[in-house]
K.L.:
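Got a structure here, written out as structure tokens. Questions coming.
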Number of protein chains: 2
Amino acid sequence: MRIGELAQKSGFSAHTLRYYEKIGLLPRTGRKSGQRDYDADALVWLAFISRLKTTDMPLAEMIAYARLRARGAATIGERRELLVAHPKRVKTQVASLQESLSVLNKKIGGYAAEQKRSIKNADTK
Amino acid sequence: MRIGELAQKSGFSAHTLRYYEKIGLLPRTGRKSGQRDYDADALVWLAFISRLKTTDMPLAEMIAYARLRARGAATIGERRELLVAHPKRVKTQVASLQESLSVLNKKIGGYAAEQKRSIKNADTK
DNA sequence: GCTTGACTTGGAGTGAACTCGAAGTTCTAT
DNA sequence: ATAGAACTTCGAGTTCACTCCAAGTCAAGC
């Protein structure tokens, strides 16, 4: 398939896909009379990238992973190590988000009381 | 207190504090012989900003909130509305992080099997 | 009163991740 | 055969959130 179709199926823009190839995140695929020709594997890889992106993994780290992947099965151990570190960070992030969430909700609850006081003050002035 | 002390207490760098003032996130405080002079309120406000930052609220939105705050008690309703929308987004984000987390953990589990296969292949070659 | 460190302003530079534009080539449908 | 959409490369521009620099002013300790 050509870049337009891959863009549509993967959810990344064609611009972004070319950019990913340039920075080494997407393997350089073969050309058919000058135009990029992708197979289904590209889509699988992009789905994985997309997943890592939702967890805020920086592109640089994904590129490191991509390089290992390109070197084949011998790098599976290294890849696993790279990947294992990530969920730990994500877990920490989730925890801090949840803590902030509860603080914010408390703050929002406080607004009801504050607004009431403010209305009362307006009444008595 | 001067900017250095506020920086140290708030955890933001003095550079960043000046930047926040410039973009309207931090109210322009009075100067004592040319140097910024802060009170404890500044610290409270920065702690709140810090909280919003951990939940990835963009600076632009915090600035909108800061502007309302600067206009006083009359804007409490508006401020509350602005704030209420945020935890909803954060909740969605937490959910998608958690989903991705479980997908990644599955993928990492998969590596054990893949590595075993790869070792076996090496043996028989 | 002098040194040293903290402060002031304005503006430029950084890094991440895109995003777009120009000018030319190729593909698809009629 | 030709119109028009989709593609090519390369480089420049954008946004966000800082971060740093230069050149000068101010404060605190000896």
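Residue numbers start from 1 in every chain, and the chains themselves are labelled A, B, ... in the order their sequence lines are given, proteins ahead of strands.
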K.L.:
Please say whether more than 12 non-hydrogen atoms of neighbouring residues, nucleotides or ligands are located less than 6.0 Å from CD in B:Q98.
P.N.:
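Correct, the count exceeds 12.
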
K.L.:
If I take atom NE2 in residue B:H15 and atom P in nucleotide C:dT9, what distance separates them, rounded to the nearest angstrom?
P.N.:
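Answer to the nearest Å: 13 Å.
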
K.L.:
Could you tell me the separation between the CG atom of A:D56 and the P atom of C:dG15, rounded to a whole number of Å?
P.N.:
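Nearest whole value for this atom pair: 21 Å.
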
K.L.:
Measure from the side-chain N and O atoms of B:S50 to the backbone N and O of B:L46, and report whether any donor-acceptor pair falls under 3.5 Å.
P.N.:
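Not confirmed, B:S50 side chain does not pair with B:L46 backbone.
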
K.L.:
To the nearest angstrom, how far is A:L25 atom CG from C:dA16 atom C1'?
P.N.:
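Distance, rounded to whole Å: 13 Å.
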
K.L.:
Using whole Å, what does the distance between atom C1' of nucleotide C:dA17 and atom CG of A:L26 come to?
P.N.:
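After rounding, the gap between these two atoms is 15 Å.
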
K.L.:
Using a cut-off of less than 4.0 Å, is there contact between a side-chain N or O of B:R36 and OP1 or OP2 of C:dC7?
P.N.:
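The answer is no; no side-chain N or O of B:R36 sits under 4.0 Å from OP1 or OP2.
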
K.L.:
Given C:dC7, D:dC18, C:dC18, identify the nucleotide with an atom nearest to the side chain of B:T16.
P.N.:
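Selected nucleotide: D:dC18.
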
K.L.:
Any chance you could pull the hydrophobic cluster mates of B:V94, using side-chain heavy atoms under 4.5 angstrom and chaining through other members?
P.N.:
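Reading the cluster by chain and number, B:V94 sits alongside A:V90, A:V94, A:L97, A:L101, B:V90, B:L97, B:L101.
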
K.L.:
When you measure from the side-chain N and O atoms of B:R31 to the phosphate of C:dT9, is any distance below 4.0 Å, counting only OP1 and OP2?
P.N.:
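Yes.
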
K.L.:
Rounding to a whole Å, what distance do you find between B:Y19:OH and C:dT14:C1'?
P.N.:
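Roughly 13 Å, once rounded to whole Å.
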
K.L.:
Please list each protein N or O that sits under 3.5 Å from an N or O in nucleotides 24-27 of chain D, with the distance.
P.N.:
unit_1: D:dC26; atom_1: O3'; unit_2: B:S33; atom_2: OG; d: 3.4
unit_1: D:dA27; atom_1: OP1; unit_2: B:S33; atom_2: OG; d: 2.1

K.L.:
Would the number of heavy atoms belonging to other residues, nucleotides or ligands and lying under 6.0 Å from CD of B:E61 be above 12?
P.N.:
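More than 12 within 6.0 Å, yes.
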
K.L.:
Using atom CD of B:E21 as one end and atom C1' of C:dG11 as the other, report the distance to the nearest whole Å.
P.N.:
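From B:E21 CD to C:dG11 C1': 16 Å.
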
K.L.:
What's the NZ-C1' distance between A:K22 and C:dA17, to the nearest Å?
P.N.:
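After rounding, the reported distance stands at 11 Å.
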
K.L.:
Between B:E5 and B:R36, is there a salt bridge with N-O shorter than 4.0 Å?
P.N.:
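No salt bridge links B:R36 with B:E5.
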
K.L.:
Mapping A:G4 and B:M57 onto DNA chain D by nearest heavy atom, which one lands closer to the 5' end?
P.N.:
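Looking at DNA chain D, the more 5' nearest nucleotide goes with A:G4.
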
K.L.:
Does atom CZ of B:R67 have more than 12 heavy-atom neighbours, drawn from other residues, nucleotides or ligands, at distances under 6.0 Å?
P.N.:
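No.
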
K.L.:
Considering all heavy atoms of both residues, which atom of B:K9 and which atom of B:L43 are nearest to each other, and what is their separation?
P.N.:
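Heavy atoms only, the tightest pair is CB-CD1, 3.8 Å.
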
K.L.:
How many Å lie between CZ on B:R18 and P on C:dA6, as a whole number?
P.N.:
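Whole-Å distance recorded here is 12 Å.
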
K.L.:
At 4.0 Å (heavy atoms only), tell me whether B:F12 reaches a base, stays on the sugar-phosphate, or touches nothing.
P.N.:
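Touches nothing.
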
